[in-house]
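A short write-up of the structure that comes next.
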Protein chains: 4
Amino acid sequence: MKFQCDTAARVPIYRQLMDQVREAMARGRIQPGERLPSVRQLARELVVNPNTIAKAYSELERAGVLNTRPGMGVFIAPPQASLTLEVRRERLIKAINVCLTEAVHLGFTTEEVATTLTQQIEQFQFATASPNPSPKTPAP
Amino acid sequence: MKFQCDTAARVPIYRQLMDQVREAMARGRIQPGERLPSVRQLARELVVNPNTIAKAYSELERAGVLNTRPGMGVFIAPPQASLTLEVRRERLIKAINVCLTEAVHLGFTTEEVATTLTQQIEQFQFATASPNPSPKTPAP
Amino acid sequence: MKFQCDTAARVPIYRQLMDQVREAMARGRIQPGERLPSVRQLARELVVNPNTIAKAYSELERAGVLNTRPGMGVFIAPPQASLTLEVRRERLIKAINVCLTEAVHLGFTTEEVATTLTQQIEQFQFATASPNPSPKTPAP
Amino acid sequence: MKFQCDTAARVPIYRQLMDQVREAMARGRIQPGERLPSVRQLARELVVNPNTIAKAYSELERAGVLNTRPGMGVFIAPPQASLTLEVRRERLIKAINVCLTEAVHLGFTTEEVATTLTQQIEQFQFATASPNPSPKTPAP
DNA sequence: GTGGTCTAGACCACT
DNA sequence: GTGGTCTAGACCACC
């Protein structure tokens with residue numbers, strides 16, 4: 001996996017790295033079990049303090065997205081949805097509202113948003129069946 | 001307009017207030033020319049330091065969404081899209097990707113996301129014509 | 001003389017009015033002895049608090065630019081250069097530096113600034129002889 | 001870079017600092033990528049509250065002329081002209097008019113203004129080619 | 001009444 | 001070390 005970071009941005013570097021891992025996973029570019037570059041290697045590559053890389057990795061591990069196996073490296077963890085359906089719904093709606101608020105302020109029309117969304121949604125690897133199925137999709 | 005803030009959240013209070021103003025505008029709940037609560041009044045109401053409110057307001061003014069008139073109060077500014085179409089497109093795609101990344105990690109299916117999005121999109125006041133119209137939506 | 005003010009601007013209204021009087025004088029659009037609209041009349045016209053108009057006028061009077069004759073109205077005062085050449089030089093250089101700093105930040109070239117300046121300078125009514133002549137312009 | 005501020009002046013301290021940074025940049029005395037003194041250091045040096053320095057820096061960052069990297073310091077940002085030619089022209093004319101109005105009121109002649117301007121203009125680092133070149137300056 | 005500026009001093013986040 | 005956020009409380013400018 002290829003990382004990059006922008007030291008001039010106001011979003012902290014460790015956050016940029018976390019976001020990149022999460023987005024790459026969501027796009028299916030990296031799979032569970034895959035190994036990420038070591039802290040030191042990535043620190044050299046990005047010319048960044050190793051502590052910063054370590055912080056990004058440890059936060060992701062705390063979130064259950066990565067597994068660190070001492071002496072072996074850092075690996076993508078298998079998916080695990082531990083949240084209740086209610087909490088997941090809330091967060092989805094929140095994420096959508098943030099996105100739509102931005103879209104309105106950028107001056108786009110409903111159609112333009114829908115078009116762009118359709119284009120982008122194909123590039124993500126969505127689950128084929130929800131772990132806690134919603135009532136909308138009754139089991140056959 | 002009704003505000004609320006969570007002192008315990010890791011997102012700064014002034015940021016929470018900014019987001020609420022922006023979302024309320026995007027939903028059409030507050031209109032250009034409308035007056036917001038005064039700094040002191042809102043500070044008393046939320047039990048927050050007036051400086052914090054002032055910071056939220058002044059940041060929004062610099063973003064061009066508010067006008068503050070000393071001695072008069074703070075008002076919603078008329079809409080003004082000064083960004084190029086290219087920049088606006090970039091930001092829209094970025095916002096959508098953040099949203100979709102979150103949706104995948106929450107374990108939702110494509111259909112669930114599409115359904116929720118359709119529900120939410122109706123609650124926002126989108127522009128009816130883009131300031132820099134895209135070739136995608138020819139006039140009938 | 002026609003006044004206008006922008007309540008949304010962050011420069012105070014009384015300052016906007018002062019600047020308009022000063023610029024109109026510098027352009028020769030209003031002459032010494034000419035009468036300005038009364039406080040009440042201008043306040044009605046601009047839909048502004050009379051105190052605000054009064055403040056603009058009294059500040060200009062303090063600067064020696066206006067004369068208020070009670071019961072008669074407000075008049076443009078005859079020119080009077082009471083400052084030393086040294087102070088006037090300092091202020092001219094300061095004003096020019098502010099202007100040039102802005103020009104550089106706007107990304108203009110020297111030629112573009114010179115061209116625009118030549119166009120604008122013709123519209124102002126400069127003195128034909130300096131009250132405290134500089135050594136550059138020896139008396140014949 | 002050397003700063004100074006006048007606590008007695010009616011222009012706010014943070015504004016004075018902003019103006020000094022902008023002028024130093026326009027004169028080429030500080031270059032993109034260069035680091036400014038830290039908030040705390042400058043606050044000690046000028047005997048001013050750190051919050052005041054921070055305000056100046058953060059306003060300049062919002063204007064796009066500085067980058068602040070938490071934990072690293074504050075740096076001059078690479079130049080970026082995002083404004084349309086029309087807006088830039090308007091602002092240039094406005095800046096020139098303010099300057100000329102002042103010059104007339106100080107009692108200077110056209111020649112004196114032209115002479116002083118020629119002297120000062122050499123000390124600024126103007127762009128050599130406009131980002132949106134005007135038709136006035138064809139390439140030789 | 002309104003918002004704007006500044007101080008003093010605290011705590012946190014980032015590198 | 002760096003900057004960012006928040007509080008408490010003061011004074012000023014504008015309308």
Side-chain angles (χ1 to χ4, degrees), chain A residues 5 7 9-17 43 46-56 59, chain B residues 5 7-17 35-43 46-59 61 66-75, chain C residues 5 7 9-17 43 46-56 59, chain D residues 5 7-17 35-43 46-59 61 66-75:
Chain A
C5 69
T7 53
R10 59 268 171 254
V11 35
I13 296 174
Y14 86 96
R15 207 61 173 93
Q16 294 180 38
L17 300 178
L46 298 178
V47 194
V48 156
N49 192 311
N51 290 336
T52 305
I53 312 288
K55 174 157 190 179
E59 290 271 335
Chain B
C5 69
T7 326
R10 68 282 173 234
V11 36
I13 299 174
Y14 84 95
R15 248 311 194 181
Q16 296 178 38
L17 300 178
R35 189 168 177 277
L36 291 179
S38 83
V39 168
R40 289 154 156 85
Q41 178 188 338
L42 188 51
L46 298 179
V47 195
V48 155
N49 191 290
N51 287 337
T52 304
I53 312 289
K55 177 162 190 179
Y57 280 176
S58 70
E59 293 263 350
E61 179 172 34
L66 294 186
N67 282 329
T68 109
R69 314 180 198 165
M72 300 289 301
V74 180
F75 301 81
Chain C
C5 68
T7 53
R10 59 269 171 252
V11 35
I13 296 174
Y14 86 96
R15 206 66 173 88
Q16 294 180 39
L17 300 179
L46 298 178
V47 195
V48 156
N49 192 311
N51 291 334
T52 305
I53 311 289
K55 175 158 190 178
E59 290 271 335
Chain D
C5 69
T7 325
R10 68 277 174 240
V11 35
I13 299 174
Y14 84 95
R15 252 292 189 200
Q16 296 178 37
L17 300 178
R35 189 168 176 277
L36 291 178
S38 84
V39 168
R40 289 153 156 85
Q41 178 189 338
L42 188 52
L46 298 179
V47 195
V48 155
N49 191 291
N51 286 337
T52 305
I53 311 289
K55 178 162 189 179
Y57 280 175
S58 70
E59 292 264 350
E61 179 172 33
L66 294 186
N67 283 328
T68 108
R69 313 180 198 163
M72 300 289 300
V74 181
F75 301 82

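Residue numbers begin at 1 in each chain, while the letters A, B, ... track the order of the sequences. Heavy-atom basis, side chains included; hydrogens, waters and symmetry copies ignored.
Residue-level contact check: A:Val48 touches neither bases nor backbone, having no heavy atom under 4.0 Å from any strand. Using a 4.0 Å heavy-atom criterion, one finds that B:Arg40 contacts the bases of the nucleic acid, with or without backbone contacts as well.
Counting atom types as modelled, D:Asn51 pairs no side-chain N or O with a base atom of F:dG4 as donor and acceptor under 3.5 Å.
Nearer to the 5' terminus of DNA chain F, by closest-nucleotide assignment, is the contact made by B:Val11 (compared with the other of B:Val11 and C:Asn49). Each of D:Met72 and B:Val74 was assigned the nucleotide of DNA chain E with the nearest heavy atom; the assignment lying further toward the 5' end belongs to B:Val74. Comparing B:Arg69 and B:Pro12 by the nucleotide of DNA chain F that holds the closest heavy atom to each, the one mapping nearer the 5' end is B:Pro12.
The nearest pair of heavy atoms linking D:Val48 to D:Ile53 is CG1-CD1, 4.1 Å. D:Ser38 and D:Arg35 get closest at one heavy-atom pair: CB-NH2, 4.3 Å. Of all heavy-atom pairs between C:Pro50 and C:Ala43, the closest is CA-CB, 3.7 Å. Annotation for D:Tyr14 and D:Thr52: closest pair CB-O, 3.8 Å, computed over non-hydrogen atoms.
Computed from coordinates, the D:Ile53 CD1 to F:dG4 C1' distance equals 15 Å when rounded to whole Å. If you measure from atom CG of D:Leu46 to atom C1' of E:dT5, you get 16 Å, rounded to the nearest angstrom. One atom, CZ of B:Arg35, and another, C1' of E:dT2, lie 8 Å apart when rounded to the nearest Å. Across the protein-nucleic acid pair, D:Gln16 atom CD and E:dC6 atom C1' stand 13 Å apart, rounded to whole Å. One atom, CZ of D:Arg10, and another, P of E:dC6, lie 13 Å apart when rounded to the nearest Å. Note: CD (B:Glu61) to C1' (E:dG4) measures 11 Å, nearest angstrom. Between the CG atom of D:Leu42 and the C1' atom of F:dG3 there is a distance of 14 Å, rounded to whole Å. Rounding to whole angstrom units, CZ of residue B:Arg15 and C1' of F:dC6 are separated by 17 Å.
Side-chain N/O atoms of D:Tyr57 include none lying less than 4.0 angstrom from OP1 or OP2 on F:dG3. Proximity of D:Thr68 to the phosphate of F:dG3: no side-chain N or O atom is located under 4.0 Å from OP1 or OP2. Contact between the side-chain N/O atoms of C:Tyr14 and the OP1/OP2 oxygens of F:dC15 is not found at any separation under 4.0 Å. Between A:Lys55 and the phosphate of E:dT15, there is no side-chain N or O to OP1/OP2 separation shorter than 4.0 Å. The shortest distance between the side-chain N/O atoms of D:Thr52 and the OP1/OP2 oxygens of E:dT5 is not below 4.0 Å.
In this structure, CD1 on D:Ile13 lies 5.0 Å from OG1 on D:Thr7, to the nearest 0.5 angstrom. One finds the CG atom of A:Leu17 at 12.0 Å from the CD atom of A:Glu59 (value rounded to the nearest 0.5 Å).
Out of E:dC6, F:dA8, F:dC15, the shortest distance to the side chain of C:Ile13 is found at F:dC15. Which of E:dT15, F:dT7, F:dC14 sits closest to the side chain of B:Pro70 comes down to F:dC14. Closest to the side chain of D:Ser38, from the set F:dG3, E:dT15, E:dC6, is F:dG3.
When both distances must be under 3.5 Å, the Watson-Crick or G-U wobble mate of F:dC14 is E:dG1.
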